[in-house]
Amino acid sequence: MGIPGPVLLLLFSTFCAFHSPALAVKRSYIVYLGPHSHGSHQPSILDVNERTDSHYELLTTYMTSKEKAKEAIFYSYTYSINGFAAILEEEEAAKISKHPEVVSVLPNEFNELHTTRSWEFLGLEKNGQIPADSLWRKGRFGEDVIIGNLDTGVWPESESFNDEGMGPIPSRWKGYCDRNDGVKCNSFELRKKSTGNRKLIGARYFNKGFEAARGHPVNDTARDYDGHGTHTLATAGGRFVSGANLVGAANGTAKGGSPMARVASYKVCWGTCTDADILAAIDTAIHDGIDILSISLGSRPRQYFSHGISIGSFHAVRNGIPVICSAGNSGPTEGAASNVAPWIITVAASTIDRDFPSDAILGNRRRLKGLSYNTNTSPVGKYQPLVYPEDVKADNVTAEYAISCEPGSLDPAKVKGKIVYCLRGGNIQEIEKTLVVFKAGGIGVILANQSPTSLASPQPYFVPTASLVTGADSLSILAYIRNTKSPKAFIRGATEVGRTVAPIMASFSSPGPNEITPEILKPDITAPGVNILAAFTEAIGPSSRPFDKRRVPFTIFSGTSMSCPHIAGIAGLLKTIHPDWSPAAIKSAMMTTASTTSNTRQPILDEETFLPATAFNYGAGHVRPNLAVDPGLVYDLTMADYYNFLCSIGYNATLLSRFTNETTFRCPTPKINLLDLNYPSITVPNITGNVKVTRTLKNVGTPGKYTVKIDIPFEITASVKPTTLEFKKRNEEKKYTVALEAKEGSWSVRTQFGAIVWSDGKHEVRTPVVISKEFSVSH
């Protein structure tokens, strides 16, 4: 269905309203005047009024009237602290800072209470508190559920895996630790002893497949020397850790989705990950007794029997273990989604409502939007000299070498105390350019991004005052430097929370359609995957570069690798509350309660186009954990359903018997229609004539009557029979049929997106519907 012009204009205007630097010209500041002179004496009402009035009088000298001053001030500090907070223009703030009675003027920076802001964004906490209806409380924080993670290993000393206050590990656990290389955790053998770690209960490594493929050995260790595995495992099941941050950014309390879960690490990646090692790890994890399996890795889309993750996850699901996988980071290429087997929960990546602005303000008052994790804002009005590398180069280097801030290219005598503008390109990346400036004594860096119009994620730069700007804005800065006698700038940054439109689908997130089986919508769901802070290895620096000698216990990563463990953590909570739910029921509960709108109550946008995203981007939508615990109805699937599915896509009973060990299984005659697999979405890739699709809903809530609402594009004629479903008991199942027919004539777009929603007045069970007139994937 096409989007009307006025709606597109509204969406674009809404997006710009949250992102436009022009609307941020006025900001809130604190004007600090020192202490009051009353000491411990509590001021009277008269004192308070006099002090408030004195603040108005002071600000009036910089504004046109006292009324304007009263409008600007939103706090007067009248007890122990003398000062006020007001909405000011930058020029006003700079002038006030020079007043003889003013001690300082400082930006009113945002201070979040939570580093993994994603969990508050998902509704599990609010303003630092955990509401009574939070899935965390209902799910006992994932107490004693066991989450296994296939990745690059674990840094066992991380505070995210602290076992303080945790009781004995579950008796069903059969795993253990490969304890070489100093790795310590609890295990089956140490279950009854006080030694070991009762949070991290397993740490294994699998490298034989890699060694066979590459022909050379690697270290025998479960320890994480990359950081990716520690980050993903902590996101899924890390403990509450206060004071977590990355070089000062995102400061607060880190935590995983199931903070009281037991976690086990299975190291399968050694720069790359082989199917052989992956299968060995999944096989081991099933035996060990894990409850949830999180896999933040993948490959190009492959046939199910040719893909280690597909095979291994099938057996995990067969043992009642939900398997959550990342969709991949090959977006926005159409059809790039990986891990597309129907028994896998495939996760896309989207943003949260947190940003890291670090704007460069030039001497001509022009503000250019930038980004940085670790910005120390310059004092208000304190501009610093801004220099071009060619003008401060060392004597023994060429201008071409200096302009990209190559190592050894800058003269410390000329750079000290200055902000350096570094061009893109050269032989080094942006992070090393900041190290070059830092070593030369520079106090700040303005970095030109590769993209003319968009900003990539910032990095933990070495200079604490940095700004990554777009390629287009960098040209404006260069023009200012070259046409100004004494160019200057200052950089202002502060982490912002709650002021950014979110979620937005990340441009890197691999979208559908499903290249292997287009009748199955992939990805299934989206979750936070951009700028996620979690535990990190201390074997390398936060930039992962050899020259980075810093060590940090937490770092910020982006990718579907980060969104995958969010869903794994939520699955752990659901498993705690509903131990009888199948992996398919857990998937359905999350999908049918997901949202397709952002915090602006507008459709979720696509970062690549700024247009509304589709089900090929986000699947059923953005996960809402507190609703998933009580979905009302679910679409359930048994292993027989998956066997029938495999029969329908061409696998015969002989091959299936080898794959499943079900020697008595026979493919049905006729084979089932792929459209009728009881999936929580409906996808018709090549609609011709009248198509009928059947689904079965199971009641997992209270008895009730559900009525259907059809939201299908106008190019499609759609009907549902019956229009009401009445459930009289728990686990009762009811079928319904959807009839779809494409109207004659041309479509406005190749693929149409809609939904079927069943509601009893309390629950809304939303099933996404995707209909293509001609299915094809263009690369």
Side-chain angles (χ1 to χ4, degrees), residues 247-248 356-379 381-451 455-456 458-493 543 545 547-548 550:
V247 291
F356 300 93
S358 181
D359 299 346
I361 297 92
L362 306 181
N364 60 7
R365 303 293 181 181
R366 183 172 183 185
R367 175 196 293 268
L368 299 165
K369 181 175 175 60
L371 295 174
S372 180
Y373 290 141
N374 53 337
T375 292
N376 291 337
T377 300
S378 305
K382 299 294 184 181
Y383 285 91
Q384 307 295 334
L386 174 61
V387 296
Y388 188 61
E390 183 181 5
D391 301 329
V392 293
K393 72 180 184 65
D395 293 336
N396 60 338
V397 301
T398 64
E400 290 75 17
Y401 189 74
I403 59 176
S404 58
C405 300
E406 301 281 350
S409 65
L410 305 179
D411 185 346
K414 299 175 183 178
V415 171
K416 186 177 180 180
K418 296 179 175 63
I419 297 173
V420 183
Y421 170 88
C422 289
L423 286 176
R424 70 188 77 176
N427 299 314
I428 60 174
Q429 296 182 333
E430 292 164 352
I431 183 71
E432 191 170 357
K433 295 178 191 290
T434 67
L435 179 60
V436 171
V437 173
F438 175 75
K439 287 182 175 180
I443 62 168
V445 180
I446 294 177
L447 294 160
N449 192 36
Q450 294 289 344
S451 170
L455 286 171
Q459 299 180 50
Y461 302 124
F462 285 88
V463 178
T465 304
S467 181
L468 172 67
V469 300
T470 66
D473 283 347
S474 72
L475 295 177
S476 298
I477 297 172
L478 180 58
Y480 165 74
I481 294 173
R482 285 310 195 200
N483 293 283
T484 305
K485 184 176 180 180
S486 299
K488 56 186 179 179
F490 71 91
I491 296 171
R492 168 174 295 147
S543 68
R545 303 290 187 268
F547 55 79
D548 191 350
R550 298 171 296 176

Quiz item: What distance do Asn396 atom CG and Ser409 atom OG have between them, rounded to the nearest 0.5 Å?
Solution: 9.5 Å
Self-check item: Residue pair Pro460 / Arg550: nearest heavy atoms and the distance that separates them
Solution: O-NH2, 2.7 Å
Practice problem: Output, in order, the C-alpha distance, side-chain angles, deciding distance and verdict of side-chain contact (heavy atoms from CB on, under 4.5 Å) for Arg545 and Glu432. | Solution: CA-CA 9 Å; Arg545 303 290 187 268; Glu432 191 170 357; over 6 Å; no
Exercise. Locate the shortest heavy-atom distance separating Lys369 from Val469; write the atom from each residue and the value.
Key: O-CG1, 3.8 Å
Exercise. Evaluate the criterion side-chain contact (heavy atoms from CB on, under 4.5 Å) for residue pair Glu406 and Val436; output intermediate values, then yes/no.
Key: CA-CA 7 Å; Glu406 301 281 350; Val436 171; over 6 Å; no
Quiz item: Mind checking whether Ile491 and Ile446 have side chains closer than 4.5 Å, heavy atoms only?
Solution: yes
Self-check item: Nearest heavy-atom neighbours spanning Gly408 and Val397
Solution: O-CG1, 3.9 Å
Practice problem: Mind running side-chain contact (heavy atoms from CB on, under 4.5 Å) on Val445 and Phe438 for me, showing each step along the way? | Solution: CA-CA 9 Å; Val445 180; Phe438 175 75; over 6 Å; no
Quiz item: Do you know which two heavy atoms are closest between Leu410 and Ala440, and how far apart they sit?
Solution: CB-CB, 4.1 Å
Exercise. Answer yes or no: is there a side-chain heavy-atom contact under 4.5 Å between Gln429 and Ser543?
Key: no
Self-check item: Backbone N/O of Glu430 and side chain of Tyr461: donor-acceptor pair under 3.5 Å
Solution: no
Self-check item: Shortest non-hydrogen separation from Ile428 to Cys405 and the atoms involved
Solution: CD1-O, 3.2 Å
Quiz item: Could you go step by step and tell me if Lys488 and Tyr480 meet the side-chain contact (heavy atoms from CB on, under 4.5 Å) rule?
Solution: CA-CA 9 Å; Lys488 56 186 179 179; Tyr480 165 74; 4.0 Å; yes
Exercise. Supply the atom-to-atom distance Tyr388 OH to Leu478 CG, rounded to the nearest 0.5 angstrom.
Key: 5.5 Å
Quiz item: Parallel, tilted or perpendicular: which describes the rings of Phe490 and Tyr383, with under 30° parallel and over 60° perpendicular?
Solution: perpendicular
Quiz item: How long is the gap from OG1 on Thr470 to CG on Leu475, to the nearest 0.5 Å?
Solution: 8.5 Å
Quiz item: What is the distance from atom OG of Ser476 to atom CG of Asn364, rounded to the nearest 0.5 Å?
Solution: 9.5 Å
Quiz item: Quick one: are Tyr401 and Lys393 in side-chain contact, heavy atoms under 4.5 Å?
Solution: no
Practice problem: Check whether any side-chain heavy atom of Val415 sits under 4.5 Å from a side-chain heavy atom of Val387, and report yes or no. | Solution: no
Practice problem: State, yes or no, whether a side-chain contact exists between Arg482 and Asp391 at a heavy-atom distance under 4.5 Å. | Solution: yes
Quiz prompt | Close side-chain approach of Leu423 and Pro389, heavy atoms under 4.5 Å | solution = no
Exercise. Say whether, by atom type as modelled, one donor and one acceptor occur between the side chain of Lys418 and the main chain of Lys414 under 3.5 angstrom.
Key: yes
Quiz prompt | Spacing of Ile403 atom CD1 and Cys422 atom SG [to the nearest 0.5 Å] | solution = 10.5 Å
Self-check item: Pairwise distance NZ(Lys433) to CG(Leu447) - rounded to 0.5 angstrom
Solution: 8.0 Å
Quiz prompt | Asp548 vs Phe462 side-chain heavy atoms within contact, under 4.5 Å | solution = yes
Quiz item: What pairs with Glu400 under salt bridge (charged side-chain N to carboxylate O under 4.0 Å, His left out), at least two apart in sequence or on another chain?
Solution: none
